[in-house]
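Have a look at the structure below, then the notes.
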Amino acid sequence: MRALLVVLGLLGILLIPMPEKTHGGPTQNSQVGWASWYGKQHHGQKTASGEPFSRWQLTAAHRSLPLGTKVKVTNLRTGQDVVVTINDRGPHGGGKRRIIDLSEAAAKRIGLVQRGVEQVQVVVVRRTSGPDQG
């Protein structure tokens, strides 16, 4: 009887759906956390993808998504969203709660510039198929 209960318990655990939304972490399809932005002081510097950073392009830094991945970033306060390409690594400040750094242009599109940091949802739109260079 005890073995049957153990088996049923394990089956029950396997049947529990895994959430698609997670906070931070490696490479989920959806994340909720904090976003910040970077601009003028980094303009022209080399990104992890090898291209120069442009504060006017719709790009972002993410710790683990493959470079070249397109994600939709939605400001949870305003509801505004923008699609950006991951071309750099970061964020480097703000601890683990901060999940993405947006270019200045992307931050403006979702109303992030004034506050500097906002809670966002990041959803993968198109993941690159090649190996990650970062």
Side-chain angles (χ1 to χ4, degrees):
M1 182 69 172
R2 179 180 254 162
L4 179 61
L5 289 175
V6 169
V7 169
L8 289 175
L10 290 173
L11 282 174
I13 291 171
L14 293 173
L15 294 175
I16 296 172
M18 296 304 286
E20 288 189 28
K21 261 187 210 179
T22 60
H23 296 271
T27 55
Q28 302 80 229
N29 287 328
S30 179
Q31 296 177 291
V32 173
W34 295 89
S36 53
W37 65 277
Y38 60 128
K40 193 175 187 177
Q41 71 276 20
H42 297 283
H43 190 78
Q45 293 182 5
K46 189 175 176 181
T47 63
S49 67
E51 62 190 352
F53 172 72
S54 171
R55 62 195 268 213
W56 308 120
Q57 298 296 314
L58 298 178
T59 59
H62 191 277
R63 287 186 184 93
S64 59
L65 286 171
L67 299 174
T69 298
K70 292 198 180 289
V71 297
K72 180 170 90 169
V73 181
T74 304
N75 182 327
L76 295 180
R77 182 181 60 84
T78 67
Q80 296 169 290
D81 62 66
V82 64
V83 175
V84 297
T85 302
I86 304 299
N87 73 339
D88 206 0
R89 290 291 169 229
H92 299 293
K96 295 287 185 196
R97 289 179 27 182
R98 204 166 298 178
I99 60 172
I100 196 164
D101 260 342
L102 300 172
S103 66
E104 186 174 345
K108 282 182 180 180
R109 292 258 179 114
I110 65 168
L112 176 72
V113 172
Q114 290 292 30
R115 290 182 177 221
V117 178
E118 292 267 14
Q119 193 167 27
V120 298
Q121 179 180 31
V122 176
V123 178
V124 174
V125 173
R126 184 180 56 81
R127 193 180 297 267
T128 59
S129 57
D132 188 331
Q133 303 123 341

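Reckoned from all heavy atoms, side chains included, excluding hydrogens, waters and symmetry mates. Please read these numbers as outputs of a predicted model, since none were measured by experiment.
At distances below 3.5 Å, at least one donor-acceptor pair connects side-chain atoms of Ser54 with backbone N or O atoms of Trp56. Judged by distance alone, the side chain of Thr47 and the main-chain N or O of Asn87 form a donor-acceptor pair under 3.5 Å.
At most 12 heavy atoms of other shown residues, nucleotides or ligands fall within 6.0 angstrom of atom CD in Gln114.
Annotation: the span from Asp101 atom CG to Arg63 atom CZ amounts to 8.5 Å, rounded to 0.5 Å. Note that CD of Gln57 is 8.0 Å distant from OG of Ser103, once rounded to the nearest 0.5 Å. Atom CG of Leu112 and atom OG of Ser36 lie 7.5 Å apart (nearest 0.5 Å). In this structure, Ser64 OG and Gln31 CD are separated by 6.0 Å, a value rounded to the nearest 0.5 Å. Note: Thr59 OG1 to Glu104 CD = 11.0 Å, rounded to the nearest 0.5 Å. With values rounded to the nearest 0.5 angstrom, Arg115 atom CZ is found 8.5 Å from Asn75 atom CG.
Judged purely by distance below 3.5 Å, without hydrogens or angles, the side chains of Gln121 and Ser30 pair a donor atom with an acceptor atom. One side chain, Ser49 or Glu51, offers a donor N or O that lies under 3.5 Å from an acceptor on the other.
Residues Ala107 and Trp37 approach most closely at CB-CB, 3.5 Å, considering heavy atoms. The shortest heavy-atom contact between His62 and Ile99 is CD2-O, 3.3 Å. A pairwise comparison of heavy atoms in Asp88 and Ala48 identifies OD1-N, 2.9 Å as the closest pair. Annotation for Gln41 and Gln45: closest pair O-NE2, 3.4 Å, computed over non-hydrogen atoms. In terms of heavy-atom proximity, Pro52 sits nearest to Gly44 at CB-O, 3.8 Å. Here the closest non-hydrogen pair linking Val82 and Ala106 is CG1-O, 3.9 Å.
Residues that satisfy the side-chain contact (heavy atoms from CB on, under 4.5 Å) test with His92, not counting sequence neighbours, are absent from this structure. The ring pair (Phe, Tyr, Trp, His ring centres under 6.0 Å) check on Tyr38 picks up His42, Phe53, with sequence neighbours excluded.
No continuous path of ILVMFWY side-chain contacts below 4.5 Å connects Trp34 to Val71, so the two sit in separate hydrophobic clusters. The same ILVMFWY cluster, assembled from side-chain heavy atoms under 4.5 Å apart, contains both Val122 and Leu58. Hydrophobic clustering keeps Val117 apart from Leu102 (ILVMFWY residues linked when any side-chain heavy atoms are closer than 4.5 Å, directly or through intermediates). Residue Leu65 is not grouped with residue Val83 when hydrophobic side chains (ILVMFWY) are merged at heavy-atom distances under 4.5 angstrom, including chains of intermediate members.
Counting heavy atoms from C-beta on, the side chains of Asn29 and Val123 never come closer than 4.5 Å. Here the side chains of Val84 and Val73 are in contact, with some heavy-atom distance below 4.5 Å.
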Residues Gln119, Arg77; criterion side-chain contact (heavy atoms from CB on, under 4.5 Å); working and verdict = CA-CA 7 Å; Gln119 193 167 27; Arg77 182 181 60 84; over 6 Å; no

